[in-house]
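Note sheet for the following structure.
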Amino acid sequence: DLVEVLDRVAVPETADERVRPALARLAATQLADGAWPLPVAYVPPDMPALERRSRLRGSPFVTSRIVAALDRLTVPSA
């Protein structure tokens, strides 16, 4: 997913100009309270879901992944 790619390509404290569209996409999906929702979830048939899918409510798991990935990036000024 997008967050996984950002986390993989991020070199601490640097970011390539090419990550700007990905960062814009993340900003567009961020909720008003600063969290990110869980828009899609895969739950194996024999396992319970860890949280309910919602585009209106922030997901602690998704938000923590995104914050950790963004924390590693510093995007050059335009």
Original post:
Between W36 and T63, what is the shortest heavy-atom contact and its length?
Top reply: N-OG1, 2.9 Å
**OP:** Indicate the atoms forming the closest heavy-atom contact of P37 with L31, along with that distance.
**Re:** CD-CG, 3.9 Å
Original post:
side-chain contact (heavy atoms from CB on, under 4.5 Å) with S64: which residues, sequence neighbours excluded?
Top reply: none
Original post:
Residues in side chain to side chain donor-acceptor pair (under 3.5 Å) with S59, at least two apart?
Top reply: E51
**OP:** Run through L38, T29, V3 and flag the one making a side chain to side chain contact (heavy atoms under 4.5 Å, CB included) with V62.
**Re:** L38
